Amino acid sequence: MNVLWVFAHPEPRSLNGALRDHGAATLRSLGHRVRHSDLYAMGWNPVVGPADFGHDPRDRLVVGAASERAHAAGTLASDIRAEHDKIAWADALVVQFPLWWFGMPAILKGWFDRVFVQGFAFGVTDDQGRTLRYGDGGLAGRRALVITTAGARPTGLGPRGVHGEAEDVLFPLLHGTLFYTGMDVLPPLVIASADRARPIDHAAAQTALDDRLRDLPTATPIPYRAELGGDYDADLVLRPDLAPARTGLTVHRTDTSAQPAPGPGHVPHRTSAA
């Protein structure tokens, strides 16, 4: 497989940096090819602006339309086009970051904002003119694995923990970004207690990462409901005969038995430089 590793941590000597280096070596030892987008090292600009699209700043900027025109014309900013080339090459994306304030660092959010443009990642249609999304889209055929570190202890995580279930916190990224654009989204790997990690914990994290990377080509994705499978009506509302007793984010799954067991998850504050 061709794997693009998107990395968003300001300190390469961190636990995250060590896991990234170890994971890339593991993938190569398994015969896969790896390319990197190390956003802090690249000095990635996370701010969408007229220059992304060759747009005249004197005119009103409609981001979706401008990005789609520029993508079709091949006139997107060179740094965006370089990331598109990497994604086009990749069979899988590994997205790695420390969890800050229930989400990804701003530089990574800005990578998605600038790179996942209309006409490339979303806003594509089929031969009947239907918009392809939620299980289909511009990035269909690729796999996605999210790796994140959290400062919380495992006992505070999961459906009954004070911090909640990690997959629910990551839902905007897993479902609203990666699955929306058509990728097969694997259950995330969340390394808990990262701020207090000892050498033995680092070794355990590496082992957990190795297990996930070995299974990257064949692991079962999160069973999210696809829009084009007929699960939703014309207003994009789940049909009442599907999982009528369920509410919340579980309605987006076709198989609730695949819900993850309580385990490493997230924290509602910044982890430190882990």
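These figures come from a predicted structure and were not determined experimentally.
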### Query
Around K86, counting heavy atoms of other residues, nucleotides and ligands shown, do more than 12 lie under 6.0 Å from its NZ?
yes

### Residue pair V34 / R28: nearest heavy atoms and the distance that separates them
O-NH2, 3.3 Å

### Query
Does some side-chain heavy atom of F97 sit less than 4.5 Å from a side-chain heavy atom of V146?
yes

### Query
Which heavy atom of F122 sits nearest a heavy atom of V117, and at what distance?
CE2-C, 3.5 Å

#### Entry: Heavy-atom closest contact (L39 atom, W111 atom, distance)
CD2-CD1, 3.5 Å

### Query
Can any side-chain N or O of H84 pair as donor or acceptor with the backbone N or O of A88 at less than 3.5 Å?
no

### Query
What closest approach, in Å, do L145 and P187 show between heavy atoms, and which atom pair accounts for it?
CD1-O, 3.5 Å

### Message
Once side-chain contact (heavy atoms from CB on, under 4.5 Å) is applied, do any residues pair with D211, and if so which ones, sequence neighbours excluded?
### Response
T207, R214

## Note on the structure
F179 meets the ring-ring contact (aromatic ring centres under 6.0 Å, His included) criterion, sequence neighbours left out, with H175, Y224

### Query
How many angstroms lie between atom CZ of R212 and atom CG of L186, to the nearest 0.5 angstrom?
8.0 Å

### Task
On the 0 to 90° scale, with breaks at 30° and 60°, tag the Y134-Y180 ring pair as parallel, tilted or perpendicular.
perpendicular

### Query
Under a 4.5 Å cut-off applied to non-hydrogen side-chain atoms, are I222 and L174 in contact?
yes

### Message
Using side-chain heavy atoms (C-beta onward) and a distance below 4.5 Å, is I191 in contact with L189?
### Response
yes

#### Entry: Electrostatic pair K109:D113 at N-O distance under 4.0 angstrom
yes

### Query
Got a sec, which pairs hit salt bridge (Lys or Arg N to Asp or Glu O under 4.0 Å) with one end in residues 42-57, sequence neighbours left out?
D52-R114, D56-R58

### Task
Applying side-chain contact (heavy atoms from CB on, under 4.5 Å), name anything that partners T181, two or more places apart in sequence or on another chain.
F116, A121, L139, M183

Donor-acceptor pairs are to be reported for all side-chain atoms of residues 62-73 against protein atoms at under 3.5 Å, with residues two or more places apart or in another chain.
from: S67; atom 1: OG; to: V63; atom 2: O; distance (Å): 3.0
from: S67; atom 1: OG; to: G64; atom 2: O; distance (Å): 2.9
from: E68; atom 1: OE1; to: Q118; atom 2: NE2; distance (Å): 2.8

#### Entry: Heavy-atom pair of closest approach, residues A77 and A51
CB-O, 4.1 Å

### Considering all heavy atoms, the nearest P46-A106 contact
CB-O, 4.0 Å

### Query
Can you tell if the side chain of T149 reaches within under 4.5 Å of the side chain of L99, non-hydrogen atoms only?
no

### Message
Using a 3.5 Å distance criterion without hydrogens, assess whether the side chain of R133 forms a donor-acceptor pair with backbone atoms of G182.
### Response
no

### Query
Is the side chain of E11 donor-acceptor paired with the backbone N or O of R13 at a distance under 3.5 Å, no angle test?
yes

#### Entry: Distance-only donor-acceptor check, side chains H9 and D38, under 3.5 Å
no

### Query
V95 versus I147: any side-chain heavy-atom pair under 4.5 Å?
no

### Query
Does a salt bridge link E83 with R35, judged by any charged N lying under 4.0 Å from a carboxylate O?
no

### Task
Check whether any side-chain heavy atom of L173 sits under 4.5 Å from a side-chain heavy atom of M104, and report yes or no.
yes

### Query
Got a sec, which residues hit side-chain contact (heavy atoms from CB on, under 4.5 Å) with P217, two or more places apart in sequence or on another chain?
M1, H32

